[in-house]
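The block underneath contains the structure these notes are about, expressed in structure tokens.
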Amino acid sequence: MKKLVSLFALLGLMTALVACASAASSSTAASSSSAASSVPEAASSEAAPASAVSETSTECSHTLVAYFSCTGTTEGIAQKLAEQTDAALYVITPAQPYTTDDLNYNDNSCRANQEMNDASARPELGGEEINLSPYDTIYLGYPIWWGTAPRIIQTFIESHDWDGKTVYLFCTSGSSGAEKSLHDLQNLYPDINFAAAKRFSANASDSDISGWLDSLH
Ligand SMILES: Cc1cc2nc3c(=O)[nH]c(=O)nc-3n(C[C@H](O)[C@H](O)[C@H](O)COP(=O)(O)O)c2cc1C
């Protein structure tokens with residue numbers, strides 16, 4: 001009898017592990033405004049493309065933090081958010097990493113500015129793909145580029161089915177707020193439930209993040 005109980009316990013554990021593994025495994029992974037010709041407010045141009053792919057929390061979670069970050073600022077916030085929400089973490093990786101020159105917004109013809117000036121630009125995704133279906137709450141993060149979300153966020157959004165998901169946007173910037181990116185993405189994707197958006201500074205503390213999370217519920 002004892003053996004039978006242990007067998008059932010083992011089977012239960014295996015089922016739970018398979019459920020979590022499928023949530024973390026692959027399938028498919030990834031606003032409109034135009035780049036102004038003047039310099040964006042207080043921006044940084046150093047480039048150290050965020051390193052690769054997905055990583056998950058230790059527990060089976062239905063919450064995902066997906067982010068794009070070129071110089072690590074948004075990445076720092078994303079990591080804190082994932083910790084506090086016990087979420088899986090996913091890096092939105094461009095197929096072609098952004099170099100320092102690509103991000104030099106003082107140069108009108110730099111790659112980032114060209115993309116932001118072209119409403120149809122959809123920078124290709126690289127890295128490991130992600131299946132969003134196990135997640136019902138998604139925190140989607142990005143740096144503000146020319147007041148709004150970088151085009152690769154559109155690539156990511158258009159690569160997935162967002163039906164039934166609640167999406168919280170977060171961003172970092174030199175000084176611009178999150179409102180315009182929220183508004184732009186809501187206009188572009190009216191069927192997606194963008195529930196809120198928050199801009200964090202580079203040095204946002206754990207309590208800045210928990211304060212925002214508390215305000216959402
Ligand atoms: C092409 C480009 C455009 C930017 N535009 C703005 C802007 O409009 N407003 C702003 O406050 N910061 C702007 N920034 C600064 C970034 O939003 C800021 O440095 C951000 O925290 C970088 O995040 P990351 O390190 O995760 O890439 C811009 C930066 C780049 C590269």
Side-chain angles (χ1 to χ4, degrees), residues 26-37 40 43 47 49-50 52-54 64-71 73-75 77-78 81 89-99 102-105 108-133 135-174 176-200:
S26 66
S27 120
T28 11
S31 98
S32 177
S33 83
S34 53
S37 53
V53 192
S54 69
L64 177 73
V65 174
Y67 69 94
F68 169 63
S69 178
C70 284
T71 50
T73 313
T74 311
E75 180 167 60
I77 304 297
L81 252 180
L89 193 60
Y90 178 73
V91 187
I92 299 170
T93 308
Q96 188 192 341
Y98 288 83
T99 64
D102 289 340
L103 298 173
N104 180 12
Y105 54 78
N108 269 347
S109 62
C110 80
R111 176 183 166 196
N113 287 12
Q114 281 184 32
E115 290 173 1
M116 298 312 287
N117 277 319
D118 176 3
S120 68
R122 294 293 181 274
E124 205 183 315
L125 296 167
E128 201 172 297
E129 294 182 341
I130 185 170
N131 175 15
L132 292 193
S133 58
Y135 305 105
D136 47 28
T137 301
I138 299 179
Y139 295 88
L140 179 58
Y142 46 83
I144 293 291
W145 284 5
W146 294 102
T148 195
R151 297 277 176 218
I152 197 167
I153 294 300
Q154 288 175 250
T155 316
F156 182 68
I157 289 174
E158 291 168 14
S159 302
H160 293 282
D161 179 5
W162 297 82
D163 198 30
K165 301 187 191 306
T166 303
V167 183
Y168 298 102
L169 302 173
F170 66 98
C171 62
T172 64
S173 72
S176 300
E179 298 73 24
K180 179 165 166 29
S181 63
L182 171 63
H183 186 74
D184 289 343
L185 292 173
Q186 277 172 333
N187 279 343
L188 280 161
Y189 310 105
D191 294 336
I192 300 179
N193 178 19
F194 295 108
K198 172 80 176 166
R199 179 254 174 193
F200 292 99

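These numbers were taken from a predicted model, which means no experiment stands behind them.
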Considering all heavy atoms, the nearest [X]-[Y] contact:
{"X": "L103", "Y": "C70", "answer": "CD1-CB, 3.8 Å"}
{"X": "Y168", "Y": "T137", "answer": "CE1-CG2, 3.7 Å"}
{"X": "T74", "Y": "S69", "answer": "N-OG, 3.6 Å"}
{"X": "P123", "Y": "T155", "answer": "O-OG1, 2.9 Å"}

Would you confirm whether [X], through its side chain, and [Y], through its main-chain N or O, come within 3.5 Å as a donor-acceptor pair?
{"X": "K165", "Y": "Y135", "value": "yes"}
{"X": "Q114", "Y": "S109", "value": "yes"}
{"X": "T172", "Y": "F200", "value": "no"}
{"X": "R151", "Y": "M116", "value": "yes"}
{"X": "R122", "Y": "I152", "value": "no"}

Could you go step by step and tell me if Y90 and V65 meet the side chain to side chain contact (heavy atoms under 4.5 Å, CB included) rule? CA-CA 6 Å; Y90 178 73; V65 174; over 6 Å; no
Given D161 and L132, is the side chain to side chain contact (heavy atoms under 4.5 Å, CB included) satisfied, shown in steps? CA-CA 8 Å; D161 179 5; L132 292 193; over 6 Å; no
Heavy-atom check, side chain of I157 versus side chain of L185, under 4.5 Å: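 Of all side-chain heavy-atom pairs linking L185 with I157, at least one is under 4.5 Å.
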Does a donor on one side chain sit under 3.5 Å from an acceptor on the other, for Y189 and E158?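 Result is yes, a qualifying pair exists.
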Side chains of N113 and W145: is there a donor and an acceptor less than 3.5 Å apart?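 No, no side-chain donor-acceptor contact under 3.5 Å.
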Dump the intermediate steps for side chain to side chain contact (heavy atoms under 4.5 Å, CB included) on D136 and T166, then the final yes or no. CA-CA 6 Å; D136 47 28; T166 303; over 6 Å; no
Could you go through S181 and Y142, starting from their C-alpha distance and side-chain angles, then the distance that decides it, and tell me whether this counts as side chain to side chain contact (heavy atoms under 4.5 Å, CB included)? CA-CA 10 Å; S181 63; Y142 46 83; 2.6 Å; yes
By salt bridge (Lys or Arg N to Asp or Glu O under 4.0 Å), which residues pair with R111, not counting sequence neighbours?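 Checked R111 against salt bridge (Lys or Arg N to Asp or Glu O under 4.0 Å); matches are D102, E115.
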Under 6.0 Å between the ring centres of F68 and Y98?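 Centroid separation for F68 and Y98: below 6.0 Å.
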